[in-house]
Every structure is written in C-alpha cells, then in structure tokens.
Amino acid sequence: MDQVMDGGRLPLEAWFWEMPACTRWWTAATVLTSALVQCHMVTPFQLFYSFRAVFVKSQYWRLLTTFLYFGPFSIDLLFHIYFLQRYARLLEESSGRSPAHFSWLLMYATASLIAISPLVSMPFLGPPLSSTLVYIWSRRNPETRLSFLGLLVFTAPYLPWVLMGFSLVMHGTIPRDEIMGVVIGHIWYFFSDVYPPLHNGSRPLDPPAWWRRIFEGRLQDESDNGINNDAMVAGVRDAAAPDLR
C-alpha cells in the first residue's frame, strides 16, 4: 500500500504519465520495440532505415522504427533510454503549453537524419536523434552543473563531448551517431537561439502556422468553449436575478 501514490497510481505509472506527450510515447515505443525484438517477434532487419527498402519496396514503417530501436536489453539500452527521456522531457517542458514546437523539432531532426544517413551508412537513427536533443538542451543551459558517473563535474555545454569520449572508450570507435547529433542540433540551436536576436527576431526554424494549428487548435477550442460556458452561466444568472428579487 505504501507503494501506491496519490490517485491510486504506482510510482512507475505516475512517472510515465507525468512526462509530456511526445517524450512519453517515444519512450514507450522505444521500450516496446526492444521488447518485441527480445521476444523474437520482429528482427532488427525489419526496423532499420534503408532508402531502397523505403522508397523502392514501400516499407514506409522504417522511417519510424529506425528511431525506436536502440539495441537489445542491456546496460547500453538503459543508458540511452535515460538520456532520451530526461533531455527530451526537459526540452519539451520548456517549449511551452502545446507540443507543437517540440514535435516540430523532432520533425526537423528526423528529416535531417534520414537525409544524411546514407552518406554515413547509419541504419539506426535513434542514438543521433537523442544526441541532437542533448546538444540543444546543453547549449540552452550553459550554467547548469552536471556530474558524470559521480567522477567528473562539468557545465552542461560539455555534456555532448563527455558522452562522445565515454562512447569512444566503451566501443573503441569514433561515435558517428553523436557527431551527427551535434551537427544537426547546432544548426537548430543557431537558427532558434543565436540568429533571431541578430535579425529582428526572425526565427526561420519555428513551426509554421498550419503545424501549430494541429496542436493548438484543440486547446484554443477548449479555451473558447470555457469562455462561452462562463458567459452562458453569467447570462442565466442575470436572467434569473429579477425572479429572485
């Protein structure tokens, strides 16, 4: 009973539902994909991105699954999921009331990775997407101090480079996925944070109006309905007031 939190939810369930929408379902889909592979219900060969498989054989699901598979159940997978949900959540929570801006960032990053992945022969694009978000968050929080494995203390802008060094030590190869993430993340950061103050507030990578309407139209409708309901209640009260007197 002491494990049950407010509202009758278990701690893990509460943690899941407290995450913003995009981060919540991306994390869930990542865990589910690894579980399906672990149970031999699908294979990694059905999930990776291939230009020929997608655009010649019409296997369009690979445009999504390439961002969901981080490998079999292992310490490395837990490491990726931790960074994914932590920094995706921080970015999404700071992006505002609706998920329009964060989802547009994901669209930009995924499209960029798909476009350049054939040049670097990288079939699974989840790790560089996660690295993109880590880089953007680290540049937007330059004063935040972090500790890596309790051994190294540094400020947030050094985080991507610390992770690159750790990956190099662990795997013995140049971390191309994290380099891709840094490049794509820096382009977004430049045009979203550095460019606007120098060009009268112009923000070329902001989501277009039609994209914002997809996510914010429902919120606006709910707000308008709330205002209309309040006005209706007030009108009913005014009409009933003479009878009460």
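Count residues from 1 along the sequence. As a basis for the values below, the full set of heavy atoms in this structure was taken, side chains included, without hydrogen atoms, waters or symmetry mates.
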Under 4.5 Å between side-chain heavy atoms, hopping through other hydrophobics if needed: is there a path connecting F45 to L36?
-> yes

Cluster link Y69 to F73, ILVMFWY, side chain under 4.5 Å = no

For the pair E178 (side chain) and P175 (backbone), establish whether a donor and an acceptor sit closer than 3.5 Å, ignoring hydrogens and angles.
-> no

Sequence neighbours excluded, the answer for ring pair (Phe, Tyr, Trp, His ring centres under 6.0 Å) partners of F79 is F83, F166

Flag, side chain of W61 to backbone of Q46, donor-acceptor distance under 3.5 Å | yes

Close side-chain approach of P20 to F102, heavy-atom, < 4.5 Å = no

Hits for ring pair (Phe, Tyr, Trp, His ring centres under 6.0 Å) against Y135, two or more places apart or cross-chain, chain-then-number order -> H186

Mind checking the CG-CE spacing from L168 to M164? Nearest 0.5 Å is all I need.
-> 10.5 Å

Just list the side-chain donor-acceptor pairs under 3.5 Å for residues 118-134, sequence neighbours left out, or say none.
from : atom 1 : to   : atom 2 : distance (Å)
S131 : OG     : P127 : O      : 3.1
T132 : OG1    : P128 : O      : 2.9
T132 : OG1    : G181 : O      : 3.3

Nearest-0.5 Å distance that lies between atom CG in L105 and atom CE in M107 | 11.5 Å

Determine, step by step, whether L47 and R62 satisfy the side-chain contact (heavy atoms from CB on, under 4.5 Å) criterion, reporting the C-alpha distance in whole Å, the side-chain angles of both residues, the deciding distance to 0.1 Å, and the verdict.
-> CA-CA 5 Å; L47 305 175; R62 294 177 184 270; 5.9 Å; no

State yes or no: do M19 and W25 share one hydrophobic cluster built from I, L, V, M, F, W and Y residues joined by side-chain heavy-atom distances below 4.5 Å, directly or via other members?
-> yes

Roughly how far, to the nearest 0.5 Å, is CZ of R139 from OH of Y189?
-> 4.5 Å

Might you work through the side-chain contact (heavy atoms from CB on, under 4.5 Å) test for I184 and Y108, ending with a clear yes or no?
-> CA-CA 9 Å; I184 292 171; Y108 153 80; 3.5 Å; yes

Between F67 and L113, is a side-chain contact (heavy atoms from CB on, under 4.5 Å) present by the stated rule, with each step listed?
-> CA-CA 10 Å; F67 296 102; L113 288 168; 3.8 Å; yes

Side chain to side chain, T43 and V37, heavy atoms closer than 4.5 Å | no

Can D193 and R140 be counted as an ion pair, charged N to O under 4.0 angstrom?
-> yes

Any side-chain heavy atom of R24 within less than 4.5 Å of one from R89?
-> no

Angle class for the F70/W26 ring planes (parallel below 30°, perpendicular above 60°, tilted otherwise)?
-> tilted

Would the number of heavy atoms belonging to other residues, nucleotides or ligands and lying under 6.0 Å from CD1 of I174 be above 12?
-> no

Considering only distance and modelled atom types, tabulate donor-acceptor pairs under 3.5 Å from the side chains of residues 194-208, sequence neighbours left out.
from : atom 1 : to   : atom 2 : distance (Å)
H199 : ND1    : Y195 : O      : 3.1
R203 : NE     : D206 : OD1    : 3.3
R203 : NE     : D206 : OD2    : 3.2
R203 : NH1    : S192 : O      : 3.2
R203 : NH2    : S192 : O      : 2.9

Would a distance-only check, ignoring hydrogens and angles, find a side-chain to backbone donor-acceptor pair under 3.5 Å from S138 to L159?
-> no

Got T65 and T33 here, is their nearest side-chain heavy-atom distance under 4.5 Å?
-> no

Should T110 and T66 count as side-chain neighbours, where that means a heavy-atom distance under 4.5 Å?
-> no

Expected output: side-chain Y82 to main-chain L77 donor-acceptor under 3.5 Å = no

Calculate, to the nearest 0.5 Å, the distance between atoms CZ and CH2 belonging to F191 and W188 respectively.
-> 11.5 Å

Measuring from F48:CZ to Q59:CD, what's the distance to the nearest 0.5 Å?
-> 8.5 Å

Verdict with supporting geometry, V54 and L63, side-chain contact (heavy atoms from CB on, under 4.5 Å) = CA-CA 7 Å; V54 172; L63 293 172; 3.9 Å; yes

Taking only residues two or more places apart in sequence, or in another chain, which ones meet W161 in a ring pair (Phe, Tyr, Trp, His ring centres under 6.0 Å)?
-> none

Gap separating the NE2 atom of H80 from the OG atom of S74, nearest 0.5 angstrom | 8.0 Å

Taking atom types as modelled, find out whether T23 and E92 have a side-chain donor-acceptor pair closer than 3.5 angstrom.
-> yes

In one Ile/Leu/Val/Met/Phe/Trp/Tyr side-chain cluster, 4.5 Å: I179, V169 = no

Is F190 reachable from L91 through a run of hydrophobic residues whose side-chain heavy atoms are each under 4.5 Å from the next?
-> yes

Donor on one side chain, acceptor on other, S103 and W211, under 3.5 Å = yes

Where the side chain of S50 meets the backbone of A53, is there a donor-acceptor pair that is under 3.5 Å apart?
-> yes

Side-chain donor-acceptor contacts of residues 148-158 below 3.5 Å, not counting sequence neighbours, with atom names and distances?
none

